[in-house]
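Following: one structure in structure tokens, then a few remarks.
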Protein chains: 2
Amino acid sequence: MATIQQNSNSGDSTRERILLEAGPIFAGKGFRATTVREICEKANVNVASINYYFGDKRQLYHQTVVLAREMRVEQVPEPNWAATTEPEQKLLDFITLILRRLVAMQNEPWQVRLLMREILEPTETCKHLVEEYFRPFFNTLCGIIDDLVGYRLPEPTRNKIGFSIIGQCLYYRFSAEMTRLMIEQQDYVDQYDLDHLAHHIHLFSLGGLKHYQELDDLAHQDTSATET
Amino acid sequence: MATIQQNSNSGDSTRERILLEAGPIFAGKGFRATTVREICEKANVNVASINYYFGDKRQLYHQTVVLAREMRVEQVPEPNWAATTEPEQKLLDFITLILRRLVAMQNEPWQVRLLMREILEPTETCKHLVEEYFRPFFNTLCGIIDDLVGYRLPEPTRNKIGFSIIGQCLYYRFSAEMTRLMIEQQDYVDQYDLDHLAHHIHLFSLGGLKHYQELDDLAHQDTSATET
DNA sequence: AACTGTATTAAACAGTTGTTTAATCACACT
DNA sequence: AGTGTGATTAAACAACTGTTTAATACAGTT
């Protein structure tokens, strides 16, 4: 029947225990490969508890994703910029924020892996994630780009610039294991920590933006030239 | 026992049929979620045939990945540059090559999805893939970067530039479904085709490179200034 | 026609999966 | 003590998993 129960009173300990044990397992193996029996074993609860508290396996998964997002936002909050903060600094801060929150160089918390799974192979849960999390996140980045350029770029152009910046960051999450196979082990330890990567992506992206500006200035000159 | 059989004579039709039906299914659902029964059903062979021809499910999977790489290289061959080709043009060609071969904007062949799975969650097969495919691919890109810059960058720096370029491209594979949820449907059709993306990534990356050069020139000036 | 080695098959096997059931437990309230 | 309600349990369920078996079909060779 799958009528979801609500532990109305007190500590909610079993429900929470399931949720917190399910998260890392789903993150590590994905929805399909994860078995409810493993979750229940790790959480020291009966196999029937999942259906009792969450209805079925899918709804449990959905709840772990929602929880992962909430925890991740809390663990790595957005920077609180002063009104005088330069947009260059904001961009560096934002790149650092992505790397910290979604790429998570050193330790790799289960919340990150779970959110990445939803990006790669979205389920119904992803729509919720986009509206609550990714869209406002991306809008912040777009604001920084606008400030850096100084005028309004066409929206598709500005969006692609945003994706270029995010893409550079996410590469080190998606292709992390393959990158490790590609380069010297020692280099990876020394040269691919958070600060090195943030610095490089910041530099590279500012250059990309400047190039756009210059070309646009040229185009403007051309237009005024032909107009005269 | 799982002794692998080799169909020595003639057309090999059942073995090939299994391989070509298994590919798309593995690509779509991953190793774990794919069942041998579905493959055999689609290929019109008996369930025992997989074990007869490939030993077990794992070895069949390995063979489909190897096949996917071979087919993908054949389907989208590397450009054949003349000696006089400018490095700027080479970079644009290379970005287009990545987008065509690994990102595959319009149609999304199963070979691409399968290779992406190996990047995201490498199995033993990935080592083979790195040595035979990705490393020479990346070396080509590094050569172009060297030509563009005009002198030898430190290797970690040059590698990161390479990853920035690849990262921008792969973003549109990894985050394709989420990006579609983020932006207007019509914009996605109009502004995110192969040519638009290649043009943007080319422009953005040339800018990033130029910025590196300028900063390096400055650093050189500083050094000579302090040296005098 | 008899033999040989490969190819193909239906059936069974042993294990795991998510889910359900019905019984029991714990504890508050009357 | 008795009652009722939610929490927890062991057991069973039915469906599905990859793999194996043993029998059969089909060539080509002697």
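This structure is a prediction, so every number in the text was calculated from the model and none was measured. Here is how names work: the chains are called A, B, and so on, in the same order as the sequence lines, proteins then strands, and each is numbered from 1.
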Legend entry - Between D:dT19 (P) and B:Arg58 (CZ): distance, integer Å: 10 Å
Inset, instruction - Check every atom of D:dG18, C:dT20, C:dT19 against the side chain of B:Lys57 and return the nucleotide holding the closest atom. - result: D:dG18
Legend entry - Aromatic ring proximity, centroids under 6.0 angstrom, B:Phe138 and B:Phe163: yes
Legend entry - B:Asp93 side-chain N/O to B:Thr96 backbone N/O, donor-acceptor pair under 3.5 Å: no
Inset, instruction - Could you check how far CD of A:Gln59 sits from C1' of C:dG18, rounded to whole Å? - result: 14 Å
Legend entry - Heavy-atom neighbours of A:Arg158 CZ exceed 12 at 6.0 Å: yes
Inset, instruction - Using atom CZ of B:Phe54 as one end and atom C1' of D:dT19 as the other, report the distance to the nearest whole Å. - result: 16 Å
Inset, instruction - Apply ring-ring contact (aromatic ring centres under 6.0 Å, His included) to B:Phe134 and list each qualifying residue two or more places apart in sequence or on a separate chain. - result: none
Inset, instruction - Would you tell me whether B:Tyr171 and B:Thr179 have side-chain atoms, one donor and one acceptor, within less than 3.5 Å of each other? - result: yes
Inset, instruction - May I ask you to evaluate whether A:Thr14 reaches the phosphate of D:dA7, defined as a side-chain N or O under 4.0 Å from OP1 or OP2? - result: no
Inset, instruction - Show the numbers, then the answer: is there a salt bridge (charged side-chain N to carboxylate O under 4.0 Å, His left out) between A:Glu121 and B:Arg113? - result: CA-CA 11 Å; A:Glu121 301 185 49; B:Arg113 290 193 79 93; 5.5 Å; no
Inset, instruction - Could you tell me the separation between the CZ atom of A:Arg15 and the C1' atom of D:dG6, rounded to a whole number of Å? - result: 15 Å
Legend entry - Centroid separation B:Phe137 to B:Phe94 less than 6.0 Å: yes
Legend entry - Contact list for DNA chain D against residues 20-37 of chain A - heavy-atom distance below 4.0 Å: A:Arg37
Legend entry - Rounded distance in Å - CD1 (B:Ile18) to P (D:dT19): 13 Å
Legend entry - N or O in side chain of B:Tyr52 less than 4.0 angstrom from C:dA7 OP1/OP2: yes
Legend entry - Interatomic distance, B:Asn44 CG vs C:dA10 P [rounded to whole Å]: 11 Å
Legend entry - B:Asp56 side chain vs B:Gln59 backbone, donor-acceptor pair below 3.5 Å: yes
Inset, instruction - Please state whether the base of C:dA10 and the side chain of B:Asn46 form at least one donor-acceptor pair under 3.5 Å? - result: yes
Legend entry - Atom CD of B:Glu78 with >12 non-hydrogen neighbours under 6.0 angstrom: yes
Legend entry - Spacing of B:Asn51 atom CG relative to C:dA7 atom P, expressed in whole Å: 15 Å
Inset, instruction - Would you mind reading off the bend of the helix from C:dA1-D:dT30 to C:dT30-D:dA1 from its two end axes, five pairs each, to 10 degrees? - result: 20°
Legend entry - Atom-to-atom span, CD1 of B:Ile50 to P of D:dG18 - whole angstrom: 8 Å
